[in-house]
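So that the names make sense, note that chain A is the first sequence line, chain B the second, and so on, each numbered from 1.
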2 protein chains.
Amino acid sequence: MPTSTAPKKAKTPAAPKAKIIKSAPQPPVVDLSMVDIQGQIRVVIERVSPELDGGRFPIKAVPGDIITVEADIFADGHDYVSARLLYRAPHEKTWQEAPLHKLENDRWTGQFAVLQMGRYQYTLEAWVDHIGSWQHELDLKVRDGQRVTSELLAGAVLAEGMGHRAGGNVADQTELYRVAGLFRDEAAYDEAVTIALGDQFHHWAETYPERQHPTRYAQNLGVEVDRERAGFSTWYCLFPRSASRELENGAPKHGTFKDVEKLLPRLAGMGFDVLYLPPIHPIGTAHRKGKNNSVTCLPDEPGVPYGIGSAEGGHDAIHSELGTVEEFKHLIEISKNYGIEVAMDLAIQCSPDHPWATQHPEWFKKRPDGSIQYAENPPKKYQDIYPVYFETEDWQNLWQELKRVLLVWASWGVRIVRVDNPHTKPFGFWEWVIAEVKKEYPDMIFLSEAFTRPKVMQQLAKLGYAHSYTYYTWRTTKAEITEYMTELTAGEMRHYFRPNFWPTTHDINPYILQSGHEAQFLIRYFLAATLSSNYGIYGPSFELMEHVPNPGKEEYMNSEKYEIKHWDWDRTNKLTYLITLTNRIRRENAALQQTNNLTFCRIDDDQVLAYMKTTGNNRLLIIVNLDAYNRRAGMVQIPLWQLGIGGDQPYTVHDLLTGAQYTWKGEWNYVELDPYMLPMHLFRIEV
Amino acid sequence: MPTSTAPKKAKTPAAPKAKIIKSAPQPPVVDLSMVDIQGQIRVVIERVSPELDGGRFPIKAVPGDIITVEADIFADGHDYVSARLLYRAPHEKTWQEAPLHKLENDRWTGQFAVLQMGRYQYTLEAWVDHIGSWQHELDLKVRDGQRVTSELLAGAVLAEGMGHRAGGNVADQTELYRVAGLFRDEAAYDEAVTIALGDQFHHWAETYPERQHPTRYAQNLGVEVDRERAGFSTWYCLFPRSASRELENGAPKHGTFKDVEKLLPRLAGMGFDVLYLPPIHPIGTAHRKGKNNSVTCLPDEPGVPYGIGSAEGGHDAIHSELGTVEEFKHLIEISKNYGIEVAMDLAIQCSPDHPWATQHPEWFKKRPDGSIQYAENPPKKYQDIYPVYFETEDWQNLWQELKRVLLVWASWGVRIVRVDNPHTKPFGFWEWVIAEVKKEYPDMIFLSEAFTRPKVMQQLAKLGYAHSYTYYTWRTTKAEITEYMTELTAGEMRHYFRPNFWPTTHDINPYILQSGHEAQFLIRYFLAATLSSNYGIYGPSFELMEHVPNPGKEEYMNSEKYEIKHWDWDRTNKLTYLITLTNRIRRENAALQQTNNLTFCRIDDDQVLAYMKTTGNNRLLIIVNLDAYNRRAGMVQIPLWQLGIGGDQPYTVHDLLTGAQYTWKGEWNYVELDPYMLPMHLFRIEV
C-alpha cells in the first residue's frame, strides 16, 4: 500500500497521509460556488428552434397557426428522457403542456396552436424518465430469461409514486396501489411481469411522470400573434386628393374623403381590403415643391403630402381640403361596410411650418448659425423637410409625442399604419413605440416601408413591424425570384419577416414596367398576388399601366406626389380583370392566404416559373411565363410524392383563371403559355 | 382646420380639442418603461461569431492563436458607423481594443491574439461615427461645387472635441485646436477644406473618436486558452503492468513504474509526448473478472484495472504491485526529461471493495433488498462494478471528494487526465469539477473518452474537456473521412471540440484492422497523425499490429484489460518506422500542429484522399491511398490560387517520407501510390 505525500502547492488540499480506509471520512466541505448548482439535474436542452437572437425577439403568427418547436434534448447515460413543450396564452400565468417527440440524433419536436392575439410564450421542460427506463430494462431482462423479482420490487415503489400523483383519478390510484402490491407478491409473479411490461403501465408513466430534477429551458420564448389580416391582406394605395371624378376649370379638382367613399364599391369589387392613404395632414408652404419635384412652386400647386405640417397643425391634424377629422372617421366607418380598412402613413418629418418647429426646436438639429438643419442626401438638399433629430437630449418627450400621435390616430379608428422610411429613425424607438401602442391596441398592424440593406430591414421586422416592404419590386428573373422566395420562406426570416409585395409604389416606377407592356404588368401583378399572401398596388396608376418614367430613373414622370391627378376610375382592362379574379381566388383558396407554404417545382425552361402553394387539401400549382414577349412551353414536375398521388393515378388540374381542366398522369406534364393570351396558369389540383 | 374629438377608449390620452398650434405644449410625461431605455443609442450589434449557445460556453484556443470575430453591425439612417473589438486577458479588468473592418452586407470582422493560458474575454462596441459622416458628406458637397462654410463651422466643433480627447498628445491637441480656428476663418477657406478632407483629419477621427452613445454587445464572450500541448500532442497508451521485459516462471512478470521508466527512451525515440496509463489504483477482488472477461477468475489472475478499489485504497491510492506513490511521482519526473507527460485515467466507478462502498454507501444506488446496485447494461450484468449514483442527495460531498481525488493527482504532478465514459456522469458535474481543478491548475488538460451520440460528445467538449475522442476509428472511406473532417474543422465544432484521433484503443479493435494487413495499419495510423494534430495509439499492441478479435466483435481476443502481456518491446517494423518518421515530421512542420487548417483537394479516384495542411509558409500536400490492396493513381488538383503560385510557374513537391522531389507545373498533377510500397505521400510544397 503506497503512502501519499503532502502536496507541494500550498493551495492544494492535504492528500491522505495514511491508508485511506483507516482515515476519518472527510468532513463535508460545500464549496461556495455550489450554492447555485442543482447537482441532480441531468438533462440538457439546447438549440431550440424557433428562437431569434437567443430569445431577444418573438416570432410572429396569426390566430389558428400551429407553432412547431424543435430542440436538442439529452441526458448523460442511457436512461430514457421525457420532455414537454410548455406554452401559455397572453396574460396567462399557467403553462399548458404539449408532448415532445423524438426525431433523430437527440432532436425533439412538438407543436401548439395559437388561438388569440397577443404575446404567447413557450419553453421546454425535460427530465430523466426513471419509470420508462425501468420498464425498458425490465423488458430486456425478461426477454433474456432472467428472474426479475428484485426489479419488480423497485417497480412497486414507482407504481406507488404514480398512484400518489394520480390523486384526482381515484380509479387509476386504486389500480396503481393494487399493482404495487402485485409487484411485491412473489405468487403473482407472472401477472406482475405482464402488467409491468404492458401498455397500460406505459400510459400511466406518461400520465403521472415522476419529473424529478427537471431541466427547464432558461428562456421563455415569445410568439407575437397578430390578427388575421396581418397574415392575409390585399392593399390598395391611392392619393385621396386625386379621388375626385370631376374637373374644375378644366383642371383636376382636389379630391376629398367623400370622393374616396365613392370609390369604395370599385375597390371592394376588385377585392381589396386595405385602403392605404399617403399622409393626409396639412402641407407646409415654406420651400414647397412644385410639379416633378421642382424647387419652385406655382401659387396653386398643392405641394407634397410628405411635407407635413402648417399653421393648420401637424401629424394629429387633417389637411382641410380633404375634409375634417369627422369626415375621415366617417370614411373609416363606411369602409368597414365594404370589408375595407383604412391605413394611414406615418412619416416622421416636418415642413418648416410644422408646429413642432416652433414648439419643440430642440427636436431638430441646429446648424452652426442656429437655423434648423433641413434634410440632405449629399449633395442633394431638401429645404422643404426638417428631419427629426432623434439624438436630442429631449428624446423622451419626442418619443411620447409620437406615441400620442399614433394613439390619436387609433382613437379615430385607424388600426393599420404604414411607416415611411422607418430605417432612418432609431431601432429602439420603434421597438418601444410599437409595444406601447399595442398595449392599448393589440390589433394594430405596422408596415415597414424600408427599402434598404437586408440586416436593417430584418431588424425592423424583428422589433415589431407586422409587415415589411421587400426587394420583390426588383426581383424579376426566375433565379432571382427563386432565391429570394427561398430566403423569405425557408430561412430564419420566415419566423418574423412578413413580406408585403408591391409591383410598384408611388415612389418606385421600376425599369421592368417602364415599357408599359401589358403582359409585363400581368406577370408582375400575378407573381406578387400569388407568391405573397400580403401584397398591394399603387392605384389606379398601376392597373391603368402608367409607366412613363422620369428619364433614366425608377420614378414617375409627373408623379402624383407633386400634383393632383384626374384619373379615369371607370376604365377596365385585362389587368383589372385579372386583379378582380385573382383577388377572388385568393379569398376562396386558403393556400393563397399564407406565404411560407411555398415549394418550387422543376420546369425545364429558364423563363417559366412553377410553384406549389399548399394548405391542407387546398393544393395549387402556379405556372408563370416570365417572358412577356414570347410563348414558352416546358415540362413541369408535379411533386406527386408530396401530394399522395400515385404515379399511375390520373388527376385533374383545374385552371381557376380560365376554367379549363386537364387530366394529367405521372410527374412530368406539358404546359405552354402565350403572354399575349395569358402568361399564367393557376391550377387547383383535384383528385 | 379639423378639430379632433376625444377618443372613445378611456385608456387613450386625450387628443387635442382645439388647434394644436394654440394648445399648450404637452407636459412631459416620462413613461415608466422608459427608465431602462437609452434612447439615443442607434447601433445594433448581433449575430456575433464565434458565440456558442448565446455565450453560454467559451471557445477554445492555445497561446499564439489568432481569434477572428465577426458580427452584424449597423445603425439606422445613412451615417457612418465605427466599431471596435474589445478583449482582455485572464484576470485583467481593462479591455484592450482591436479595429473592426467592414466586410459585405453590414458584416464586420476583427482579430486579436491570445498569448497566455486562462479565460480571455471579448465583446464589441460600436457607435455612430459623426466625424466620419461629416467628412464624407463634406466631400460629396465639395465635389458638387457647393460652398461649405456652414459645414466647416460644424467641423470646428468636431475638431475641438478631438483636441479635447487628444489630451495626452499635446502636439495633436495643439494642431486640432488650430484646425478648429482655421475652419472658422472664412479667409482660410481653401486650406480649411483641404485639411477637412485630408487623411490626417481621417486619422484623427480614428484616433480620437467621439464614441457618443455607444452600443456595447450584451455578452462578454469567453476564450478558454489551454496550454500548447492541448493543441498539439502525440499520445501513447500502455498498461504499466505489461511493461516488464522479463518472464517469471515462464509467465509475464507484473510490470512496475520502474519498468515503464525503462521504456521511455523507446517512446521518446518514436516521438510520443504523452504517456497515458489506464487506472493504476488497487484492484478489487469481489467478483473479479478473469481472462477474456470471464466471470470466474483464477486465483493468480490480476483483474481489470477498471475494477477500482480494495482494502489498499481507492482512487487516491496506487496499486502496490506497480509501485508506490513516490515511484509514480518519480516516473512523472523522469518522463519530463524525455519530453513526455504522464496522463492518468479517471474512471468514476468502484469495485465492491472500494473504501467508498463502506464509508459512503449513500453514493451508490440501493436495490430493494438494501444491497448496492451493481452495473448493468441490460441484459448484461457487471457484478464487479458499482456505478456511482450521482442522483444521491449527498451529491455535494460526492463532487467534493472527486475534486479532491483530482487535486491529489495534480499534487503528484499529473496535468493530463483521460476520463473514462464521462457521458455516463452528469454534465453539470464535469462543468463544475473541470472549472474547480483549473482554478488551481490552469494547465490541466482533460480528455473525454465518450464514444456516444454526437450531441452528448459535443456537450462534454463545450463544458470543459480540452480533448475529445471521436468517430475517427470508424470513419474509413473517402466520403466518410471527408464529411467527418468537414464537420469537425469547418462547422461550429471547430471552435470548441478538439479531436484526438485513435486508430485503436484498448477497448476497440475495429473491423478494418482485424485483417492484420500491414498497409491497412499504415493507412489508419497515417491518417490519424496527419488529419488531427492530437492523436494517440494504444501500444505496443497497435505498432505490433495485434488484430485477433473476440469473434464478431470489435474487441481484442485475450485483451490486455484482463491479463498481463509480455510484449516484445524491441521489435521494429515498417509501421514503427512510419510512426517515428511521421512524428518527427509533425514536430518539424507547423502545419501538422493544428487541426482546422485543412482543405481537401480534388482527385479523380474514389479511394485516394488528398488534402492540404497550411500554416503560414508551411504548406503540406498529403495524399493517401485508402485501398490497402491495390495500386491507385489519379490526377490531383493543387489549389494554386490559394498558394499564390502562377499557372506557368514550376514548383517542387518534396516527399518528406521518402525524400523524393518532383517538379510540378499547373493545377493538375499525376500521383500513384502502391500500398505494398508506401500508400501515402507527405509533400511539402516548395517554390
Side-chain angles (χ1 to χ4, degrees), chain A residues 1-2 4 7 11-13 15 19-21 25 28-30 34 39-42 44 46 53-54 72 74 76-77 106 137 140-141 144 150 153-154 312-313 316-318 320 324-325 355 359 367-368 378-379 391 395-397 400 404 407-408 411 423-428 440 453 455-456 459, chain B residues 1-2 4 7 11-13 15 19-21 25 28-30 34 39-42 44 46 53-54 72 74 76-77 106 137 140-141 144 150 153-154 311-313 317-318 320 324-325 355 359 367-368 378-379 391 395-397 400 404 407-408 411 423-428 440 453 455-456 459:
Chain A
M1 170 69 204
S4 315
K11 274 177 172 178
T12 315
K19 284 188 185 178
I20 189 166
I21 199 162
V29 184
V30 176
M34 270 188 173
Q40 291 152 297
I41 285 182
R42 291 174 50 198
V44 169
E46 58 176 29
D53 296 281
D72 288 354
F74 51 89
D76 65 275
D106 291 315
E137 293 184 3
L140 293 171
K141 289 174 184 175
D144 190 50
S150 170
L153 292 178
E312 277 190 330
D316 54 359
I318 299 278
S320 58
T324 63
V325 167
Q359 290 174 8
R367 289 160 61 88
E391 290 185 70
W395 60 272
Q396 290 177 316
N397 287 315
Q400 292 292 355
R404 191 190 64 78
L407 293 178
V408 168
S411 77
H423 58 290
T424 60
K425 288 88 196 174
F427 299 111
E440 301 191 32
R453 286 141 34 230
K455 303 286 169 65
V456 174
Q459 186 72 18
Chain B
M1 171 66 204
S4 314
K11 274 178 172 178
T12 315
K19 285 189 184 176
I20 189 165
I21 199 162
V29 184
V30 176
M34 269 188 173
Q40 291 152 297
I41 285 182
R42 290 175 50 199
V44 169
E46 57 176 31
D53 296 280
D72 288 354
F74 50 88
D76 64 275
D106 292 316
E137 293 184 2
L140 294 170
K141 289 173 184 175
D144 190 51
S150 169
L153 293 178
E312 277 191 332
I318 299 279
S320 57
T324 63
V325 167
Q359 289 173 8
R367 290 161 59 89
E391 290 185 69
W395 62 271
Q396 290 177 316
N397 286 316
Q400 292 292 354
R404 191 190 65 79
L407 293 179
V408 168
S411 77
H423 58 290
T424 59
K425 288 89 196 173
F427 298 111
E440 302 192 32
R453 284 134 42 224
K455 304 286 169 67
V456 174
Q459 186 72 19

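Atom-to-atom distance recorded for A:Arg453:CZ and B:Phe74:CZ is 8.0 Å, nearest 0.5 angstrom.
Comparing B:Arg367, B:His423, B:Glu391, B:Glu137 by heavy-atom pairs within less than 4.5 Å of chain A, the highest count is held by B:Glu391. If you tally non-hydrogen atom pairs under 4.5 Å between each of B:Leu153, B:Val456, B:Asp106 and chain A, the highest count goes to B:Asp106. Interface remark: of the candidates B:Pro379, B:Gly428, B:Gly77, B:Pro379 forms the most heavy-atom pairs closer than 4.5 Å to chain A. Here A:Gly39 is the residue among A:Gly39, A:Ser150, A:Gly54 with the most heavy-atom pairs under 4.5 Å with chain B.
Applying the salt bridge (charged side-chain N to carboxylate O under 4.0 Å, His left out) test to A:Glu46 and every residue at least two apart in sequence or in another chain returns B:Lys462. Judged as a side-chain hydrogen bond (donor to acceptor under 3.5 Å, both in side chains), and not counting sequence neighbours, the contacts of A:Asp72 are A:Arg47, A:Arg107, B:Lys455.
Heavy atoms of B:Arg42 lying under 4.5 Å from chain A belong to its backbone as well as its side chain.
In this structure, A:Phe427 and B:Asp76 approach most closely via the heavy-atom pair CE1-N, 3.5 Å.
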